[in-house]
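Okay, structure first, notes after.
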Amino acid sequence: MRFKNKCVVVTGSGSGIGRACALAFAGSGANVVVADINLQGARDTVQLISAAGGSAIAVETDVSSPASVQALVAQTINAFSAVHALVNNAAIQVNKTVEDTSFEEWNAQLSINVGGVFLCSKYFLPHLRRTKGSIVNMSSVNSFFVEPSCAGYCATKAAIAGLTKAMAIDHGREGVRVNCICPGYIDAGLAEGYFQSQADPDKARKEAGKLHALWRIGKPEEVARAALFLASDDASFVTGASMVVDGGFGSGLPPK
Ligand SMILES: NC(=O)c1ccc[n+]([C@@H]2O[C@H](COP(=O)([O-])OP(=O)(O)OC[C@H]3O[C@@H](n4cnc5c(N)ncnc54)[C@H](O)[C@@H]3O)[C@@H](O)[C@H]2O)c1
């Protein structure tokens with residue numbers, strides 16, 4: 001129960017990796033704020049947490065909107081008085097080259113994926129400073145190793161790794177740690193969207209597994225355990241880090 005009596009906010013926790021993070025933090029005793037633009041998804045996550053005996057609230061949030069994020073902060077403080085960790089996980093992915101990506105699609109990825117990290121961090125930092133809390137940003141192996149036809153998405157994930165380091169050095173002396181996680185392919189919404197964008201989604205899913213040394217894609221829970229570690233006191237001397245949780249994706253191509 002590492003997070004007993006602590007409050008953890010997870011954005012994009014109405015599904016996928018964010019939901020797994022919310023469940024893991026709740027299972028470790030946290031009061032979890034499930035923030036998602038998809039309110040039904042957020043409510044479903046809260047129901048799963050409640051059924052397991054945990055504590056959580058759902059807050060409809062658009063992380064790309066300053067007013068929406070400020071409302072999220074207010075509801076969090078109103079419900080739980082303090083906040084100890086923020087997991088910036090919400091993102092979208094457009095599976096296109098630069099040439100095929102519209103300006104609107106480009107801007108949407110920037111404002112949700114990077115702008116969301118900026119806005120949530122900006123408005124939660126005063127509260128995280130009080131508790132000497134921590135921020136965990138969801139980046140991707142695509143911040144180091146890019147793949148075809150997701151140019152804008154890869155750019156946003158690299159930006160998150162840079163922003164993580166910038167926030168780590170700006171807020172380290174205040175006791176706030178900031179890290180990011182770089183998952184490989186994980187069995188969740190964005191990877192599924194990528195598979196579906198390929199000519200043969202089943203083949204694409206199978207081939208994706210083989211890009212990892214472990215010859216399989218990961219599970220959302222395997223990323224959630226890393227988020228739990230980084231947000232906990234077990235990681236008290238870890239800040240500015242990009243933690244790779246990629247089944248060996250970045251180690252090189254495994255033998256055929
Ligand atoms: N699935 C993968 O293979 C993979 C790999 C590396 C990194 N990641 C990262 O993990 C995170 C979660 O991905 P996932 O695969 O679980 O995706 P997902 O689509 O299952 O979850 C993303 C969630 O974000 C929410 N969201 C979208 N726009 C939002 C907005 N404007 N405001 C608030 N919430 C919003 C969605 O409603 C959804 O619930 C993302 O940051 C993604 O880049 C995923």
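Residue indices begin at 1 and follow the sequence shown. Ligands are counted one by one from 1 in listed order, and the atoms in each one are counted from 1 as well.
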- Looking only at atom types and distance, does a side-chain atom of Asp233 sit under 3.5 Å from a main-chain N or O of Ser236, one as donor and one as acceptor? no
- Task: Looking only at protein heavy atoms, identify the closest one to atom 7 (C) of ligand 1 and say how far it is in Å.
- Result: Ser139 O, 3.2 Å
- Just one of Val8, Leu86, Ile57, Thr11 clears the side chain to side chain contact (heavy atoms under 4.5 Å, CB included) bar with Val33, so which one? Ile57
- Under 4.0 Å from one or more heavy atoms of Ile112, ligand 1 contributes atoms 28 (N), 31 (N)
- Note on the structure: Check: of Gly184, Ser140, Ala188, min heavy-atom distance to atom 5 (C) of ligand 1 comes from Gly184
- Keeping the roles fixed (side chain from Asn89, backbone from Gly12), state whether a donor-acceptor pair exists under 3.5 Å. yes
- Item | Heavy-atom proximity to atom 43 (O) of ligand 1, best of Phe249, Phe195, Tyr153 | Tyr153
- Looking at atom 16 (O) of ligand 1, what's its closest protein heavy atom, distance included? Ile17 N, 2.8 Å
- Message: Please confirm whether Asp36 approaches ligand 1 to less than 4.0 Å, judged on its heavy atoms.
- Response: yes
- Message: Counting only heavy atoms not in Asp200 (residues, nucleotides, ligands), do more than 12 fall under 6.0 Å from its CG?
- Response: yes
- Message: Could you identify the single nearest non-hydrogen protein atom to atom 24 (O) of ligand 1 and state the distance to 0.1 Å?
- Response: Gly12 CA, 3.5 Å
- Message: Between Lys96 (side chain only) and Ser149 (backbone N and O only), is there a donor and an acceptor less than 3.5 Å apart?
- Response: no
- Message: I need the contact type for Lys157 against ligand 1. Using non-hydrogen atoms and a strict under-4.0 Å cut-off, is it side chain, backbone, both or neither?
- Response: side chain
- How close does the nearest protein non-hydrogen atom get to atom 1 (N) of ligand 1, and which residue and atom is it? Ile186 O, 3.2 Å
- Message: Using a 4.0 Å cutoff against the non-hydrogen atoms of Tyr185, which atoms of ligand 1 qualify?
- Response: 3 (O)
- How far is atom 29 (C) of ligand 1 from its nearest protein heavy atom, and which residue and atom name does that atom have? Ile37 CG2, 3.7 Å
- Item | Short side-chain to backbone donor-acceptor contact, Ser140 and Ser143, under 3.5 Å | no
- Relative to ligand 1, is Tyr194 under 4.0 angstrom through side chain, backbone, both or neither, heavy atoms considered? neither
- Task: Would you indicate whether Asp44, at its atom CG, is surrounded by more than 12 heavy atoms from other residues, nucleotides or ligands within a distance under 6.0 Å?
- Result: yes
- Ala191 heavy atoms, cut-off 4.0 Å: which ligand 1 atoms fall inside? 1 (N), 2 (C), 3 (O)
- Report yes or no: does Asn179 contribute a side-chain atom to a donor-acceptor pair with the main-chain N or O of Ala241 at less than 3.5 Å? yes
- Query: Which of the numbered atoms in ligand 1 are below 4.0 angstrom from a heavy atom of Asn89?
  - Reply: 10 (O), 11 (C), 12 (C), 40 (C), 41 (O)
- Message: Quick check on contacts: which atoms of ligand 1 are under 4.0 angstrom from a heavy atom of Met138?
- Response: 9 (C), 10 (O), 11 (C), 41 (O)
- Item | side chain to side chain donor-acceptor pair (under 3.5 Å) between Ser68 and Asp62, worked out | CA-CA 6 Å; Ser68 184; Asp62 178 355; 6.0 Å; no
- Of Cys182, Pro183, Ser65, the one whose closest heavy atom lies nearest atom 6 (C) of ligand 1 is Pro183
- Message: Tell me if a side-chain donor or acceptor on Arg19 pairs with a main-chain N or O of Ala42 at a distance below 3.5 Å.
- Response: no
- Would a line drawn from the ring center of Tyr185 to the ring center of His212 be shorter than 6.0 Å? yes
- Residue portion contacting ligand 1 (non-hydrogen atoms closer than 4.0 Å) for Asp187: neither
- List the closest protein heavy-atom neighbour of atom 18 (P) of ligand 1: residue, atom name, distance to the nearest 0.1 Å. Ser15 OG, 3.5 Å
- Which atoms of ligand 1 have any heavy atom of Thr61 under 4.0 Å away? 32 (N), 33 (C)
- Is the side chain of Thr164 donor-acceptor paired with the backbone N or O of Val178 at a distance under 3.5 Å, no angle test? no
- The closest protein heavy-atom partner of atom 15 (O) of ligand 1 is Leu190 N, 3.0 Å
- Message: Heavy atoms only, cut-off 4.0 Å: how does Ser13 contact ligand 1, side chain, backbone, both, or neither?
- Response: neither
- Message: Using heavy-atom distances only, which candidate in Gly189, Gly16, Ala91 approaches atom 22 (C) of ligand 1 most closely?
- Response: Ala91
- Flag, side chain of Thr131 to backbone of Leu128, donor-acceptor distance under 3.5 Å: yes
- Look at atom 32 (N) of ligand 1 and say which protein heavy atom is nearest, naming residue and atom and giving the distance to 0.1 Å. Val63 N, 3.0 Å
- At under 4.0 Å between heavy atoms, what of Asp62 touches ligand 1? The answer is both
- Ignoring hydrogens and geometry, is there a side-chain-to-backbone donor-acceptor pair from Asn38 to Gly14 under 3.5 Å? no
